[in-house]
Protein chains: 2
Amino acid sequence: MATISDVVKKSGISKSTVSRVINNHPSVSEEKRRKVLQAMEELAYTPNPTARRMRGTLKSSVGLIIPNVTNPFFSYLIHHIEQRLSEHSIRLIIMQSSESREKELEFLDLLKQKQVDGIILAAVENEMEAILPYLEYGPVMLCNEYVQTGEIPIVRLDQERAAYIGVRHLIEKGYRRIAYCTGGLFAEDGKDKDRNNGLRRAMEEEGLPIRPEWVFVDQHTIADGREVMRRLWQMDDRPDAIFTGSDEVAAGMTLSARELSIRIPEDIAVLGFDDQPLAELTYPQLTTIHQPIDEMGRLAADVMIRLFTEDKPQNMNYELPISIVERQST
Amino acid sequence: MATISDVVKKSGISKSTVSRVINNHPSVSEEKRRKVLQAMEELAYTPNPTARRMRGTLKSSVGLIIPNVTNPFFSYLIHHIEQRLSEHSIRLIIMQSSESREKELEFLDLLKQKQVDGIILAAVENEMEAILPYLEYGPVMLCNEYVQTGEIPIVRLDQERAAYIGVRHLIEKGYRRIAYCTGGLFAEDGKDKDRNNGLRRAMEEEGLPIRPEWVFVDQHTIADGREVMRRLWQMDDRPDAIFTGSDEVAAGMTLSARELSIRIPEDIAVLGFDDQPLAELTYPQLTTIHQPIDEMGRLAADVMIRLFTEDKPQNMNYELPISIVERQST
DNA sequence: TTGTACGCGTTATCAA
DNA sequence: TTGATAACGCGTACAA
């Protein structure tokens, strides 16, 4: 690989002037600029990114912290973020935290070491107090996670409204004995609290109770969904609909329903979440909440790129709309 | 961040000796080593990876070129490669080539610029002549792709045998009018040629013909599968089984089969490929070819790590076994 | 407008 | 065993 010194030799022009040409500085005479450009051309010269990085100029990589790539929600998120970043010649580094606090901090440390120039957090396990100090070393933002601090920009979907819309849909379809299954906790201030609040609001509006025995927390996988449906069917007093936290859990329910000869939606309606491709592969196909992952991914990339140049972003809170896709399971 | 100079000041020991301690050089007295280590500890010193990289030592990132992250096959591959690499503190950089030759070369260029220290190609669009020159700049290997050159290490699954096993399964189940649907081409030397050969071998052994009107090429998505089933049903002379190139295509077939009231496997058997999670979500669940993506990913990572230290790998060709998972669609 | 000299944080060479 | 010094490739005060 040719270096700047090679260009100097070939063109007979000083290093600083060559550097100016490379970086489009205004004060260079046309003649010298031409000569330098020609030398660069002939040598197929490209500035060494590592050297630039050491000088402190150059932003070329963004780290994305997610729980797991194999979750389609996140693989789509990766896709859209990567597409947009690559338009700006910025590389995306995948970091699977596997929901471990230690790994999360380990990855944030890469920002400190200037291994990445910014970090998009699409998973947050640590308290904000542990994360805020990293802001000193470079831009950090939240994507699909919501912890209001006033310091960290957030790009997210309106989960409260999403849950509200979902429950409204069930109610309008005539279901009133509604069970709830979430990937988070059913606490005032835990994970997925926004969805919980949306559920509560819709239920309260109709004067419907949320029955504790019909609430399932920390459910994520197809296997989890299978199990929940089985437990539901052992109850004497059963719900007539269940609102799940993900299409995968809902898909698991369709499986055990088939095994147990339970009819969906006649015996129980199942409402998914995410609108993943598999939502139309199950039998019956899932009614589900559509999340605009594509928009969210692109927006997150845009915000990060802006963060590279701006000091304080003008807008700290980006919220994207959510809609329901009606299929056959409700 | 503390630098080596800070350690020098704090410990009162020269830069070279400090560097020796950092890199575990033998010739350092116990006393000085202790002092240096203590200073490092107190300053929470970590060597700057960028500086190390510029010096030419340090391997810390591997690029993975894939067609698309959203394809579950590749998201699983990413998962397993990333897991193994992260055990060695090596970062994985995702590169979606979107099947573009230009993008592929653009990514390979990152090796030349020392932006990544090695490249795993899980997609190959360019001719090998275009790729071989990059070997000069660092390790390049193939994963799940097969182009024998003698220069580039290959980790892959035995696709010829996989296709052979699949067709054997259909034949043993009594199907004899077998259609074929591939993501590649049906040519002697094109993409997926190994699978084609496996198919041919199994068919010829039984004296069964491969009918051109029952061969579908370049089929990838759920939508593609839907369409193929529709076309099949417009034929006067129909097959009684179809061997597809991916579970997604097979899943698409189950969808249009339902729409057209075609029974699987009674009217037509459908054999998938990949054993993706969705294979047990379709109705009926798919019989499919299981590919050990986990082993392949880990092995690819191991081979790449070895490539960092060895000049010539002892083994250039790693081949992993494949098996069939029988469910309800055949 | 142009060029010289220095620094970014390491590691390697060489002489002591 | 130790330490002074050069070098990796680039950008930028500063002086001219």
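Convention: sequence-line order gives letters A, B, ...; per-chain numbering from 1.
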| said: Using heavy-atom distances to pick each residue's nearest nucleotide on DNA chain C, tell me which of B:Met1 and A:Ile13 is more 5'. | reply: A:Ile13
| query | Looking only at N and O atoms, is any donor in the side chain of A:Lys32 or the base of C:dT1 less than 3.5 Å from an acceptor on the other one? | reply | no
| query | In whole angstroms, how far is the P atom of D:dC8 from the CG atom of B:Asn48? | reply | 18 Å
| message | Can you measure A:Ile4 atom CD1 to D:dA7 atom P for me and round it to whole angstrom units? | response | 18 Å
| task | Give, for atom CG of A:Leu105 and atom NZ of A:Lys103, the distance between the pair rounded to the nearest 0.5 Å. | result | 12.5 Å
| Going by modelled atom types, is there a donor-acceptor pair between the base of C:dG3 and the side chain of A:Arg20 at under 3.5 Å? | yes
| task | Calculate the interatomic distance between A:Leu58 atom CG and D:dG11 atom P; express it in whole Å. | result | 9 Å
| request: Would you mind reading off the distance between B:Lys15 atom NZ and D:dG3 atom P, rounded to a whole angstrom? | output: 13 Å
| said: Heavy-atom nearest nucleotide on DNA chain D for B:Ser27 versus B:Ala51: which residue maps closer to 5'? | reply: B:Ser27
| note | From the list B:Leu121, B:Val124, B:Ile152, side chain to side chain contact (heavy atoms under 4.5 Å, CB included) partner of B:Glu145 resolves to B:Val124
| Can a donor-acceptor pair under 3.5 Å be found between the side-chain atoms of B:Ser16 and the base atoms of D:dA4? | yes
| task | May I ask you to evaluate whether A:Arg53 reaches the phosphate of D:dC10, defined as a side-chain N or O under 4.0 Å from OP1 or OP2? | result | no
| Hey, does the side chain of B:Ser19 come within less than 4.0 Å of C:dT11's phosphate (OP1/OP2), counting only N and O? | yes
| query | In terms of side-chain heavy atoms of B:Ser14, which of C:dG9, D:dG3, D:dC10 is nearest? | reply | D:dG3
| said: Just verifying a value: how many Å separate A:Met304 CE and A:Arg84 CZ, rounded to the nearest 0.5 Å? | reply: 14.5 Å
| When you check the phosphate oxygens OP1 and OP2 of C:dG3, does a side-chain N or O of A:Thr17 lie under 4.0 Å from one of them? | yes
| task | Report the distance from atom CZ of B:Arg52 to atom P of D:dG9, rounded to the nearest whole Å. | result | 19 Å
| message | Using OP1 and OP2 only, check whether a side-chain N or O of A:Ser29 sits under 4.0 Å from C:dT2. | response | yes
| Between B:Lys35 and B:Glu31, is the closest basic N to carboxylate O distance under 4.0 Å? | yes
| message | Would the base of C:dA12 count as contacting B:Arg55 through its side chain, where contact means a donor and an acceptor less than 3.5 Å apart? | response | no
| query | Quick one: do A:Glu319 and A:Arg156 make a salt bridge, cutoff under 4.0 Å? | reply | yes
| query | When the distance from CE of B:Met54 to P of C:dG7 is rounded to whole Å, what number comes out? | reply | 15 Å
| Can a donor-acceptor pair under 3.5 Å be found between the side-chain atoms of B:Thr3 and the base atoms of C:dT10? | no
| remark: From CD of B:Gln115 across to P of D:dC10 the rounded distance in Å is 12 Å
| note | B:Ile22 has its side chain closest, among C:dT11, D:dG9, C:dT2, to C:dT11
| request: Give a yes or no on whether a salt bridge exists between A:Glu104 and A:Arg101, defined as a side-chain N under 4.0 angstrom from a carboxylate O. | output: no
| In terms of side-chain heavy atoms of A:His25, which of D:dT12, C:dG9, D:dG11 is nearest? | D:dT12
| task | Output yes when at least one side-chain N/O atom of B:Asn23 is less than 4.0 Å from OP1 or OP2 of C:dT11, else no. | result | yes
